[in-house]
2 protein chains.
Amino acid sequence: MISTSIEMDKAAVLLKLLGDKTRLTMMKILDNHDCCVCEFVEIFQVSQPSISQHLRKLRDIDLVKEERRGQWIFYSINKTHEFYPFIEQILSQLPSQDDKLNKLEEQGSRITCC
Amino acid sequence: MISTSIEMDKAAVLLKLLGDKTRLTMMKILDNHDCCVCEFVEIFQVSQPSISQHLRKLRDIDLVKEERRGQWIFYSINKTHEFYPFIEQILSQLPSQDDKLNKLEEQGSRITCC
DNA sequence: TAAGTATATAACTATTTGCTTATATAGTAA
DNA sequence: TTACTATATAAGCAAATAGTTATATACTTA
């Protein structure tokens, strides 16, 4: 059946996107907090373009939204995505990543940046 | 925390494995039925080595088990896997792939082979 | 035993991926 | 305006991926 086939296609695409530790952690964080690019750069200790490219992949299929706030661009989860319930159910089974944001806060990186 | 990090690692590895349409469909089928290699070859219309290689990846992290039955080697889901509940919850949200096995049955491929 | 069938592995290839550095774009503030 | 900050994009590269064909292994059956 065509609809079935399309859904498996879409599911595989989503799972592949989540099948990268950086993106998976991003999504887990974004599920509870909006974040800007520079925060992710700090958290993952990779280059800013690398973070931008991960976010672009997530944005390209509408999993996340971007919103400019002054100098910064904040990313948030798109909870209206057709597949958000699917994604959410996966994310809910992962350990909280709040410690990473807390660490930023302690460093002052969260406040400085956003 | 190290344990958290390890779990995100493992989850990403699992999701990456599921993030391939062939393997995802295999897992969905195996969740309800044992299958042998030649059935998958018929279903996916790719070469036998390609199927063997996908199954090997799934077996390498113990997601599936193999069992010889006479001339054939049957694969089944390893329901005792530490992460099986995680996997199962994903698979449960996918459309049934039974039509693919039914089609084999109609062709006589299922009976002939296994 | 020899021939046939099922599966695994090896070797190769084209494509995709995730990273990097360099640069472009866009907003902020002096 | 000019300098600065935040982000995106381009280009290039090494590694990973998924497929192929050729071949090896292992069981079945005559």
Side-chain angles (χ1 to χ4, degrees), chain A residues 8-9 12-27 30 34-76 104 108-114, chain B residues 8-9 12-27 30 34-76 104 108-114:
Chain A
M8 290 298 280
D9 280 354
V13 167
L14 290 170
L15 293 170
K16 178 179 280 187
L17 275 172
L18 294 183
D20 172 275
K21 197 191 168 189
T22 300
R23 283 192 299 266
L24 185 63
T25 308
M26 278 178 163
M27 288 293 287
L30 288 174
D34 295 0
C35 272
C36 67
V37 178
C38 56
E39 288 178 309
F40 284 131
V41 171
E42 191 64 30
I43 288 171
F44 293 109
Q45 296 287 306
V46 292
S47 67
Q48 172 266 314
S50 175
I51 295 297
S52 278
Q53 286 156 13
H54 281 303
L55 287 167
R56 190 180 212 297
K57 288 182 187 184
L58 296 174
R59 208 189 43 197
D60 277 351
I61 59 163
D62 275 337
L63 279 185
V64 302
K65 299 177 293 186
E66 62 166 40
E67 178 201 356
R68 179 172 284 275
R69 294 186 204 158
Q71 200 164 359
W72 298 281
I73 295 180
F74 275 73
Y75 282 84
S76 58
L104 279 198
S109 306
R110 189 121 213 253
I111 293 161
T112 298
C113 170
C114 313
Chain B
M8 290 298 281
D9 281 355
V13 167
L14 291 170
L15 293 169
K16 177 178 283 185
L17 276 172
L18 295 182
D20 173 273
K21 196 190 168 190
T22 301
R23 282 191 301 263
L24 185 63
T25 307
M26 277 178 165
M27 287 292 287
L30 288 174
D34 295 0
C35 273
C36 66
V37 177
C38 56
E39 287 177 309
F40 284 131
V41 171
E42 192 63 31
I43 288 171
F44 295 109
Q45 296 288 306
V46 293
S47 66
Q48 172 267 315
S50 175
I51 296 297
S52 277
Q53 285 156 16
H54 281 303
L55 287 168
R56 190 180 213 295
K57 288 182 186 185
L58 296 174
R59 208 190 43 197
D60 277 351
I61 60 164
D62 276 336
L63 279 185
V64 302
K65 299 177 292 182
E66 62 165 41
E67 177 200 357
R68 180 173 283 276
R69 294 189 202 156
Q71 200 163 358
W72 299 281
I73 294 181
F74 275 74
Y75 282 83
S76 57
L104 280 197
S109 306
R110 189 123 215 254
I111 293 159
T112 299
C113 171
C114 311

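This is a predicted model, so every value here is computed, not measured. Labels below follow one simple rule: chain letters A, B, ... track the order of the sequence lines, proteins then strands, and each chain is numbered from 1.
Side chain of A:Glu39 to backbone of A:Cys36: a donor-acceptor contact under 3.5 angstrom is found.
Look at CG on A:Asp20: it is 14 Å from C1' on D:dA15, rounded to the nearest Å. Distance CG (A:Leu24) to P (C:dG18): 12 Å, rounded to an integer number of Å. Between the NE2 atom of A:His54 and the C1' atom of C:dT17 there is a distance of 9 Å, rounded to whole Å. For A:Glu67 and C:dA26, the CD to P distance is 19 Å, given to the nearest whole Å. Between the C1' atom of D:dT7 and the CZ atom of A:Phe40 lies a distance of 14 Å, rounded to the nearest Å. In this structure, B:Leu18 places its CG atom 12 Å from P of D:dA18, rounding to the nearest Å.
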> Where do A:Arg69 and A:Asp34 land on the salt bridge (charged side-chain N to carboxylate O under 4.0 Å, His left out) test, with the steps shown first?
Replying inline: CA-CA 11 Å; A:Arg69 294 186 204 158; A:Asp34 295 0; 2.8 Å; yes
> Could you go step by step and tell me if A:Leu58 and A:His54 meet the side chain to side chain contact (heavy atoms under 4.5 Å, CB included) rule?
Replying inline: CA-CA 7 Å; A:Leu58 296 174; A:His54 281 303; 5.6 Å; no
> Stepwise, does the side chain to side chain contact (heavy atoms under 4.5 Å, CB included) test hold for A:Leu30 with A:Leu63?
Replying inline: CA-CA 10 Å; A:Leu30 288 174; A:Leu63 279 185; over 6 Å; no
Do any N or O atoms of the protein come closer than 3.5 Å to N or O atoms of nucleotides 8-12 of chain C, and which pairs are they?
{"unit_1": "C:dA8", "atom_1": "OP1", "unit_2": "B:Glu66", "atom_2": "OE1", "d": "3.4"}
{"unit_1": "C:dA8", "atom_1": "OP1", "unit_2": "B:Tyr75", "atom_2": "OH", "d": "2.4"}
{"unit_1": "C:dA8", "atom_1": "OP2", "unit_2": "B:Ser52", "atom_2": "OG", "d": "2.7"}
{"unit_1": "C:dA8", "atom_1": "N7", "unit_2": "B:Gln48", "atom_2": "NE2", "d": "2.6"}
{"unit_1": "C:dA8", "atom_1": "N6", "unit_2": "B:Gln48", "atom_2": "OE1", "d": "3.1"}
{"unit_1": "C:dT9", "atom_1": "OP2", "unit_2": "B:Arg56", "atom_2": "NE", "d": "2.9"}
{"unit_1": "C:dA10", "atom_1": "N6", "unit_2": "B:Gln53", "atom_2": "NE2", "d": "3.4"}

Can you name the atoms? Protein N/O to nucleotides 1-5 of chain C N/O, anything below 3.5 Å, with the distance.
{"unit_1": "C:dT5", "atom_1": "O4'", "unit_2": "B:Gln71", "atom_2": "NE2", "d": "3.4"}

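At the heavy-atom level, A:Arg69 lies nowhere under 4.0 Å from the strands shown.
Nearest heavy-atom pair across A:Asp20 and B:Ala12 is C-CB, 4.1 Å. Between B:Met27 and B:Leu18, the closest heavy-atom pair is CG-CD2, 3.9 Å.
In this structure, the separation between OG1 on A:Thr22 and NZ on A:Lys57 is 10.5 Å, given to the nearest 0.5 Å. Within the model, atoms CD of B:Gln71 and SG of B:Cys38 stand 9.0 Å from one another, a figure rounded to the nearest 0.5 Å.
At the phosphate of C:dT20, OP1 or OP2 sits under 4.0 Å from a side-chain N or O atom of A:Ser47. Applying the 4.0 Å criterion to OP1 and OP2 of C:dG18, one finds that A:Arg23 has a side-chain N or O inside that range.
Along DNA chain C, the nucleotide closest to A:Lys57 and the one closest to B:Arg68 are compared, and the more 5′ of them pairs with B:Arg68. Both A:Val46 and A:Lys16 lie near DNA chain C, and the one whose nearest nucleotide falls closer to the 5' end is A:Lys16.
Counting heavy atoms from C-beta on, the side chains of A:Ser52 and A:Arg56 never come closer than 4.5 Å.
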